[in-house]
Participant: 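Sending over a structure as structure tokens; questions will come in a sec.
Hydrogens, waters and symmetry mates are skipped; everything else that's a heavy atom, side chains included, is used.
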There are 2 protein chains.
Amino acid sequence: MARPMRADARRNQEQILLAARDLVAERGPDVPLDEVARRAGVGIGTLYRRFPDREALLHALALDALTRTVAAAHAAAEQETDPFDALARYLREALELRVSAVLPALMDVVDLGNDPELGPVREKSARLVRSILDRARTAGALPHDVTFEDVGMMLVRIARPLPGPLPAEAKHELARRHLELFIRGLGALAAGEPAVAAELRVPG
Amino acid sequence: MARPMRADARRNQEQILLAARDLVAERGPDVPLDEVARRAGVGIGTLYRRFPDREALLHALALDALTRTVAAAHAAAEQETDPFDALARYLREALELRVSAVLPALMDVVDLGNDPELGPVREKSARLVRSILDRARTAGALPHDVTFEDVGMMLVRIARPLPGPLPAEAKHELARRHLELFIRGLGALAAGEPAVAAELRVPG
DNA sequence: GGCGAAGTGGAGCATTTTTCTCCGCTTCAT
DNA sequence: ATGAAGCGGAGAAAAATGCTCCACTTCGCC
């Protein structure tokens with residue numbers, strides 16, 4: 001039985017993951033580990049104690065991101081009655097969590113699909129998000145030719161911090177703005193589509 | 001008088017810029033220069049002869065990208081009569097040129113604004129693109145609250161290659177698809193807006 | 001409030017990566 | 001045919017990064 005961690009150690013571990021999340025989102029999976037340690041406010045030795053090497057850190061980061069995605073998708077589906085609102089809510093929450101900036105950056109390094117620990121969580125999150133999308137589409141709130149992959153990738157594009165001199169918080173504010181633009185665009189496209197609902201109704 | 005370059009030297013210089021363009025777009029401004037040389041099909045010595053250091057190369061790359069942007073904006077404005085078509089055409093052409101992937105990557109390293117050689121070209125391109133946007137907006141083909149910066153940044157988001165295992169060409173194909181989605185979204189948003197044209201007409 | 005287990009930090013060595021020079025050989029253009 | 005221009009890439013030098021190790025500090029239990 002693993003005995004519980006000491007309180008300071010847990011705090012440090014959380015800070016490390018948080019720092020890693022931001023730095024990986026901004027600068028990719030190769031960011032020097034001593035920078036992660038510095039931003040987390042711990043020594044490099046502490047980082048290496050908790051995560052024996054880069055891969056261990058990135059793996060933990062991926063698991064964290066995926067778990068939060070599942071929770072966010074769940075919350076959005078449960079708490080919003082309107083299908084389009086549920087979709088919008090999920091997208092906004094995913095943006096705040098930075099998952100769509102972190103996970104793609106990890107893809108080159110961690111095998112999200114086949115890893116025995118990450119794979120199932122990833123599948124679960126995909127299933128949940130897919131169902132949110134399907135519901136929106138069935139309700140006529142999403143264009144028919146916009147796929148799961150399209151939405152996911154656009155979210156990635158929007159979530160990835162732009163290069164440039166702006167402080168990180170300003171960049172994130174812009175990302176929020178562009179996400180709203182995207183959400184509005186989806187809604188407008190769906191609204192302008194000729195309804196095909198008739199074809200879906202049971203004849204007679 | 002600088003005498004003209006030997007034909008093979010010119011070819012090599014072009015190949016180097018092309019290779020740098022793709023690699024900088026994909027991997028940022030820190031890509032190892034010998035990789036650039038390899039992709040260009042030249043020796044590292046050749047690269048260093050033409051561009052004494054990394055900054056010289058990136059500077060040349062920026063100038064090239066800006067110049068092409070100006071040409072593209074010009075062509076779009078001249079050759080399309082419909083204002084929205086002109087905007088769409090400019091966006092598509094900018095995507096093909098990779099300028100919106102390359103220039104932001106250079107921003108951290110080259111001062112596009114204040115550089116005496118780059119600054120003016122950049123201003124010219126901004127002026128042209130702004131006018132394309134203004135015309136589209138005046139024609140009611142662009143939502144009012146979507147700014148020059150919004151469009152530019154969304155183009156950057158779409159143009160930057162996503163991380164992941166896909167070959168570069170597949171990534172670019174996806175970027176094209178998402179640009180079309182963006183263009184359609186802009187159109188749909190504008191179409192759904194209450195017309196304010198009345199306010200702009202001369203009273204009486 | 002004392003004690004041992006757990007945790008910490010960062011100097012510094014090892015390794016890898018990247019830069020850039022140098023020069024003997026090749027190619028172009030006249 | 002010739003010489004000026006160009007080429008390539010080995011390898012020395014420098015920079016970036018990975019990671020260990022251990023003297024010191026802190027926590028949490030009694």
Participant: Tell me which nucleotide among D:dT17, D:dG6, C:dA11 gets nearest to the side chain of A:I44.
Facilitator: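 That would be C:dA11.
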Participant: For DNA chain C, whose closest nucleotide is more 5', that of B:R11 or that of B:R49?
Facilitator: B:R49
Participant: Among side-chain atoms of A:D64 and A:T67, is any donor-acceptor pair under 3.5 angstrom?
Facilitator: no
Participant: If I take atom CZ in residue A:R27 and atom C1' in nucleotide D:dA16, what distance separates them, rounded to the nearest angstrom?
Facilitator: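 After rounding, the gap between these two atoms is 12 Å.
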Participant: Quick one: B:R38 CZ to C:dT18 P, roughly how many Å, whole number?
Facilitator: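 Spelled out: CZ on B:R38 to P on C:dT18 is 10 Å.
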Participant: Please confirm whether the shortest side-chain N or O distance from B:R50 to OP1 or OP2 of D:dC7 is below 4.0 Å.
Facilitator: yes
Participant: Once you round it to whole Å, what is the distance between P of C:dT21 and CG of B:D53?
Facilitator: 9 Å
Participant: Can a side-chain donor-acceptor contact be found between A:S131 and A:D134 if the only test is distance below 3.5 angstrom?
Facilitator: no
Participant: In whole Å, what is the span from the CG atom of B:D8 to the P atom of C:dA29?
Facilitator: 6 Å
Participant: Have A:R157 and B:H178 got a donor and an acceptor in their side chains that come within less than 3.5 Å?
Facilitator: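 Side-chain D/A pair, A:R157 to B:H178: present.
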Participant: Identify whether the distance between the nearest side-chain nitrogen and carboxylate oxygen of B:D85 and B:R92 falls below 4.0 Å.
Facilitator: no
Participant: Using a cut-off of less than 4.0 Å, is there contact between a side-chain N or O of A:N12 and OP1 or OP2 of C:dG7?
Facilitator: no
Participant: Starting at CD of B:E35 and ending at P of C:dC20, how long is that distance when rounded to a whole Å?
Facilitator: 16 Å
Participant: What's the closest nucleotide to the A:M5 side chain, out of D:dT17, C:dG9, C:dG7?
Facilitator: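 For A:M5, the side-chain atoms sit closest to C:dG7.
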Participant: Rounded to the nearest Å, what distance is computed from the CG atom of residue A:L33 to the P atom of nucleotide C:dT16?
Facilitator: 16 Å
Participant: Could you say whether B:Y48 or A:G45 is positioned toward the 5' end of DNA chain C, judged by the nucleotide with the nearest heavy atom to each?
Facilitator: A:G45
Participant: Taking CG from A:D34 and P from D:dA16, how many angstroms apart are they, rounded to a whole number?
Facilitator: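 Computing the A:D34:CG to D:dA16:P distance gives 11 Å.
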Participant: Does the distance from a Lys or Arg side-chain N to an Asp or Glu carboxylate O, for B:E26 and B:K171, drop under 4.0 Å?
Facilitator: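 No, this pair does not count.
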Participant: Contact class for B:A7 (heavy atom, under 4.0 Å): base, sugar-phosphate, or nothing?
Facilitator: sugar-phosphate
Participant: OP1 or OP2 of D:dG8 less than 4.0 angstrom from a side-chain nitrogen or oxygen of B:T46, does that happen here?
Facilitator: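 Indeed, a polar side-chain atom of B:T46 lies that close.
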Participant: Specify the separation, in whole Å, of atom CG of A:L58 and atom C1' of D:dG18.
Facilitator: 14 Å
Participant: Would you say B:R6 reaches D:dA4's phosphate, i.e. side-chain N/O to OP1/OP2 under 4.0 Å?
Facilitator: no
